[in-house]
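Numbers here are sequence positions counted from 1. In what follows, every heavy atom counts, from backbone to side chain, and hydrogens, waters and symmetry copies are set aside. On a predicted model such as this, the values are computed, not experimentally measured, just so you know.
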Amino acid sequence: MSQLTENKKKLITDSEPKSPIAEAYRTLRTNLQYSGLDEPIRTLMITSASPREGKSTTINNLAIAYAQAECKVLLLDADMRKPTVHQAFGVSNRNGLTGVMTGHCTTDEAIQKTHVKGLSVMTAGSVPPNPAEMLASNKMDQLLSQLKDQFDLILVDTPPVLAVSDAQIMSTKCDGVLLVVKAGELKRGLALRAKEQLSFVKARLLGVVLNQVKGIEAGPYYYYGN
């Protein structure tokens, strides 16, 4: 299977919008919208405790689900150590977040439209020597403020919480955080450590997404409609 085909398969909210999995992402979108009634969520970070728990697949599909609801969305790849957004959406990674932060390109040059109406991406760009310092800078605050003037919602992908400090740093700059946990594999202690690290920096943890649950464990959910 080619990389492009594999990437499209992972964007199931776009390729199979009537599937039960796509419906689950729309349910997640709705739950998040209700969680932000008092304090509107304009910047949402998604991370995991450790690698390969499905955080990037989750954020990619959630971004599409929001765009399908006519929300103007930017997916920001702040996982500068292992970026994947450009691969998922088949766009260039030449100009991205690193380029904006170092002044090598403008914000507008780094924002790319995707094939999904209403969804744009800012890829990570080249891997910098100091991603944590870059994310912690005042310039990052200014960039997020500028992006909020252009988009209804900014979804931020970051490295796993327990791997490096990047996720903790970005969580303090976002309105809310979702933690993705892979069912049956991540040890309870690691999930609790990730939660504790986010709580330590006073991140607003909105909830946990239990990923890759087997059908029989997920309950009798199915798509209802034409």
Novice: Are Asp77 and Val121 close enough that some pair of their side-chain heavy atoms sits under 4.5 Å apart?
Specialist: no
Novice: Rounded to the nearest 0.5 Å, what separation is found between the CG atom of Asp14 and the CD atom of Gln68?
Specialist: 6.5 Å
Novice: To the nearest 0.5 Å, how far apart are OG in Ser171 and CG in Leu198?
Specialist: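 It comes to 5.5 Å.
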Novice: Of all heavy-atom pairs between Val180 and Gly54, which one has the smallest distance, and what is that distance?
Specialist: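 What the structure gives for the nearest pair is CG1-C, 4.0 Å.
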Novice: Look at the side chain of Ser50 and the backbone N and O of Ala163, then say whether any donor-acceptor pair between them is shorter than 3.5 Å.
Specialist: no
Novice: Is Lys113 close to Phe89 at the side-chain level, that is, under 4.5 Å between some pair of heavy atoms?
Specialist: no
Novice: Is Asp157 close to Ile46 at the side-chain level, that is, under 4.5 Å between some pair of heavy atoms?
Specialist: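 No, every pair of side-chain atoms sits at 4.5 Å or beyond.
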Novice: Examine distances only and state if a side-chain atom of Ser145 and a backbone atom of Gln142 form a donor-acceptor pair shorter than 3.5 Å.
Specialist: no
Novice: Between Asp79 and Lys55, does any NZ, NE, NH1 or NH2 come within less than 4.0 Å of an OD or OE carboxylate oxygen?
Specialist: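 Looking at Lys55 and Asp79, the cut-off is met.
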Novice: With side-chain contact (heavy atoms from CB on, under 4.5 Å) as the criterion, how do Leu97 and Leu76 come out once you've worked through the C-alpha distance, each side chain's angles and the decisive distance to 0.1 Å?
Specialist: CA-CA 8 Å; Leu97 178 57; Leu76 173 61; 4.2 Å; yes
Novice: For Ser137 and Met134, indicate whether the former's side chain and the latter's backbone hold a donor-acceptor pair under 3.5 Å.
Specialist: yes
Novice: If you look only at pairs with a residue in residues 122-134, which of them pass as a side chain to side chain donor-acceptor pair (under 3.5 Å), with sequence neighbours excluded?
Specialist: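 Counting only pairs at least two positions apart or across chains, the side chain to side chain donor-acceptor pair (under 3.5 Å) contacts touching residues 122-134 are Asn93-Thr123.
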Novice: Can you see which heavy atom on Leu190 is nearest to which on Ala49, and at what distance?
Specialist: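 Minimum heavy-atom contact is O-CB, 3.9 Å.
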Novice: Within the side chain of Asn60, is there an N or O that forms a donor-acceptor pair under 3.5 Å with the backbone of Leu11?
Specialist: no
Novice: Taking salt bridge (charged side-chain N to carboxylate O under 4.0 Å, His left out) as the cut-off, I'd like each qualifying pair that reaches into residues 161-170, sequence neighbours left out, listed once.
Specialist: Arg81-Asp166
Novice: Applying side-chain contact (heavy atoms from CB on, under 4.5 Å), run through Leu44 and Leu32 and close with a yes or a no.
Specialist: CA-CA 10 Å; Leu44 174 63; Leu32 288 167; 3.7 Å; yes
Novice: Assess whether atom CG of Leu192 is packed by more than 12 heavy atoms of other residues, nucleotides or ligands within 6.0 Å.
Specialist: yes
Novice: For Lys173, does the NZ atom sit with more than 12 other heavy atoms under 6.0 Å from it, leaving out its own atoms?
Specialist: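 Counting other residues, nucleotides and ligands, NZ of Lys173 exceeds 12 neighbours.
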Novice: With the side chain counted from C-beta on, respond yes when Thr107 and Leu147 share a heavy-atom pair under 4.5 Å apart, and no when they do not.
Specialist: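 Answer yes - side chains close enough.
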Novice: With heavy-atom distances below 4.5 Å as the criterion, would you say the side chains of Asp141 and Gln146 are in contact?
Specialist: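 Result no, sub-4.5 Å side-chain heavy-atom pair not found.
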Novice: Checking side-chain contact (heavy atoms from CB on, under 4.5 Å) for the pair Arg52/Lys182: CA distance, chi angles, key distance, verdict?
Specialist: CA-CA 8 Å; Arg52 294 181 293 278; Lys182 187 174 182 180; 5.6 Å; no
Novice: Distance-only, no hydrogens or angles: does the Gln197 side chain make a donor-acceptor pair with backbone N or O of Ala194 under 3.5 Å?
Specialist: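 Side chain of Gln197 to backbone of Ala194, a donor-acceptor pair under 3.5 Å: no, none is there.
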Novice: Verify whether one side chain among Asn95 and His104 offers a donor that lies under 3.5 Å from an acceptor in the other.
Specialist: no
Novice: Is the backbone of Ile154 close enough, under 3.5 Å, to the side chain of Arg42 for a donor and an acceptor to pair up by distance?
Specialist: no
Novice: Determine whether Val127 and Thr98 make a side-chain contact, defined as any pair of heavy atoms from C-beta on separated by less than 4.5 Å.
Specialist: no
Novice: Report whether Met80 and Val164 are members of the same hydrophobic cluster (ILVMFWY, side-chain heavy atoms less than 4.5 Å apart, transitive linking).
Specialist: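 No, separate clusters.
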Novice: Keeping Thr114 on the side-chain end and Leu119 on the backbone end, is there a donor-acceptor pair under 3.5 Å?
Specialist: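 Pair found, side chain donor or acceptor close to backbone of Leu119.
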Novice: Yes or no on side-chain contact (heavy atoms from CB on, under 4.5 Å) for Leu75 and Phe151, after CA distance, side-chain angles and deciding distance?
Specialist: CA-CA 10 Å; Leu75 174 52; Phe151 295 92; over 6 Å; no
Novice: What is the distance from atom CD1 of Ile21 to atom NZ of Lys10, rounded to the nearest 0.5 Å?
Specialist: 13.0 Å
Novice: For Arg94, what residues pass the side chain to side chain contact (heavy atoms under 4.5 Å, CB included) criterion, not counting sequence neighbours?
Specialist: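 Per chain and number, Arg94 pairs via side chain to side chain contact (heavy atoms under 4.5 Å, CB included) with Ser92.
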Novice: So which atom in Leu153 and which in Ile41 form the shortest heavy-atom distance, rounded to 0.1 Å?
Specialist: CD1-O, 3.6 Å
Novice: Is the side chain of Asn211 donor-acceptor paired with the backbone N or O of Val181 at a distance under 3.5 Å, no angle test?
Specialist: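 Pair absent, no side-chain N/O of Asn211 close to backbone of Val181.
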Novice: To check you understand the geometry: which heavy-atom pair defines the closest contact between Ala78 and Val156, and what is its length?
Specialist: CB-CG1, 3.7 Å
Novice: Within the supplied structure, the quantity of interest is the number of heavy atoms (other residues, nucleotides, ligands) at a distance under 6.0 Å from Arg193 CZ; does it exceed 12?
Specialist: no
Novice: Minimum heavy-atom separation for Ala69 and Arg29, please, with both atom names.
Specialist: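 Scanning both residues, the minimum pair turns out to be CB-NH1, 3.5 Å.
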Novice: Hey, what do you get for CG (Leu155) to OG1 (Thr43), rounding to the nearest 0.5 Å?
Specialist: 9.5 Å
Novice: Does any N or O in the side chain of Thr47 come within less than 3.5 Å of the main-chain N or O of Pro159, such that one atom is a donor and the other an acceptor?
Specialist: yes
Novice: Nearest 0.5 Å, please: how far is CD in Gln168 from OG1 in Thr172?
Specialist: 9.5 Å
Novice: Do Asp175 and Arg204 sit within salt-bridge range, that is, some charged N less than 4.0 Å from a carboxylate O?
Specialist: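 Here Asp175 does not pair with Arg204 in a salt bridge, since their nearest N and O are not under 4.0 Å apart.
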Novice: Any idea which heavy atoms bring Ala22 and Pro17 closest together, and the distance?
Specialist: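 Taking Ala22 first and Pro17 second, the nearest heavy atoms are CB-O, 3.5 Å.
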Novice: For residues Val208 and Met45: do they belong to one hydrophobic cluster (side chain heavy atoms under 4.5 Å, members Ile, Leu, Val, Met, Phe, Trp, Tyr)?
Specialist: yes
Novice: Taking the side chain as every heavy atom from C-beta outward, state whether Lys148 and Leu74 have any atom pair closer than 4.5 Å.
Specialist: no
Novice: Would you give the length of the straight line joining atom OG of Ser19 to atom OH of Tyr25, rounded to the nearest 0.5 angstrom?
Specialist: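 The OG atom of Ser19 sits 9.5 Å away from the OH atom of Tyr25.
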Novice: Counting only N and O atoms by type, is there a donor-acceptor contact under 3.5 Å from the side chain of Asn61 to the main-chain atoms of Ile12?
Specialist: yes
